[in-house]
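Okay, structure first, notes after.
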Amino acid sequence: GSTVATFYKTSPFTAGFITASTRAVIADSIAQHLDVCNDEFDIKRCGAMVLYSGVILGLCCEVMFNHLFPIMFRGETNPLVLAVKMALFDVFVNAPLLWLTPAYIL
């Protein structure tokens, strides 16, 4: 337990990349297995999911939520207002510009 927690605290970018990539491999493998139109495992598709998830979801989310958001929303003392502001920024700025664009490119 504490070794894993220490790893996540001392190496957040590596931990984020590994976690997001692992989840992507598992999710894409299950999706490909359940796809009735596809009989073969598509390694290129899985690799694209690993790269997207590792870089965008693992690394970019670490930077955005743990480094930029605290600076951008500094001074907001009401937790509910803070949560709403962060959620709205994520939905209307991050999603269309950062999270979805690379997904369509890959």
Side-chain angles (χ1 to χ4, degrees):
S2 67
T3 304
V4 173
T6 301
F7 173 66
Y8 273 81
K9 287 181 182 178
T10 59
S11 304
F13 293 104
T14 305
F17 185 88
I18 291 170
T19 302
S21 295
T22 302
R23 292 176 68 181
V25 167
I26 294 168
D28 190 55
S29 297
I30 291 170
Q32 286 193 46
H33 176 72
L34 296 175
D35 186 359
V36 295
C37 299
N38 190 4
D39 292 336
E40 293 182 18
F41 185 77
D42 187 350
I43 192 75
K44 286 176 70 176
R45 171 182 151 171
C46 192
M49 288 297 297
V50 166
L51 284 176
Y52 172 79
S53 294
V55 172
I56 301 301
L57 301 178
L59 302 178
C60 289
C61 285
E62 167 65 28
V63 170
M64 183 60 63
F65 297 122
N66 295 326
H67 300 279
L68 294 179
F69 271 19
I71 294 168
M72 292 169 59
F73 299 107
R74 182 183 327 162
E76 182 58 63
T77 57
N78 184 331
L80 181 60
V81 172
L82 178 63
V84 169
K85 284 181 177 181
M86 289 169 56
L88 289 173
F89 188 86
D90 194 43
V91 168
F92 292 110
V93 177
N94 286 344
L97 299 177
L98 296 175
W99 312 145
L100 295 176
T101 305
Y104 286 106
I105 293 170
L106 289 176

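Side chain of Glu76 to backbone of Val81: no donor-acceptor contact under 3.5 angstrom is found. Checking side-chain atoms of Ser21 against main-chain N and O of Leu51 turns up no donor-acceptor pair under 3.5 Å.
Taking the six-membered ring for Trp and thresholds of 30 and 60 degrees, Phe65 and Trp99 have ring planes inclined between 30 and 60 degrees apart.
Note: Asn94 CG to Met64 CE = 4.0 Å, rounded to the nearest 0.5 Å. Between Asp35 atom CG and Ile30 atom CD1 the span is 13.5 Å, to the nearest 0.5 Å. A distance of 14.0 Å separates OG in Ser11 from CZ in Phe17, rounded to the nearest 0.5 Å.
Note on Val93: it does not cluster hydrophobically with Ile71, by side-chain heavy-atom contacts below 4.5 Å among ILVMFWY residues. Linking ILVMFWY side-chain heavy atoms closer than 4.5 Å, directly or via other members, places Val84 and Leu82 in two distinct hydrophobic clusters. In the hydrophobic clustering of this structure, Ile18 does not group with Phe13; members are Ile, Leu, Val, Met, Phe, Trp, Tyr whose side-chain heavy atoms approach within less than 4.5 Å, directly or through other members. Placement of Ile26 and Leu34 within a single hydrophobic cluster is found when ILVMFWY residues are connected by side-chain heavy-atom separations under 4.5 Å, directly or transitively.
Minimum interatomic distance between Glu62 and His67 (heavy atoms only, all atoms of both residues): OE2-NE2, 3.1 Å. Minimum heavy-atom separation, Tyr52 to Leu100: OH-N, 4.5 Å. Residues Ile56 and Cys60 approach most closely at O-CB, 3.0 Å, considering heavy atoms. The minimum heavy-atom distance linking Ala24 with Met49 is given by the pair CB-O, 3.6 Å. Scanning all heavy atoms of the two residues, the minimum distance from Val91 to Pro96 falls at O-CD, 3.3 Å.
Residues Phe89 and Leu68 form no side-chain contact, since every pair of their non-hydrogen atoms from C-beta on lies 4.5 Å or further apart.
Remark: Asp39 CG is loosely packed, at most 12 non-hydrogen atoms of other residues, nucleotides or ligands lying under 6.0 Å away.
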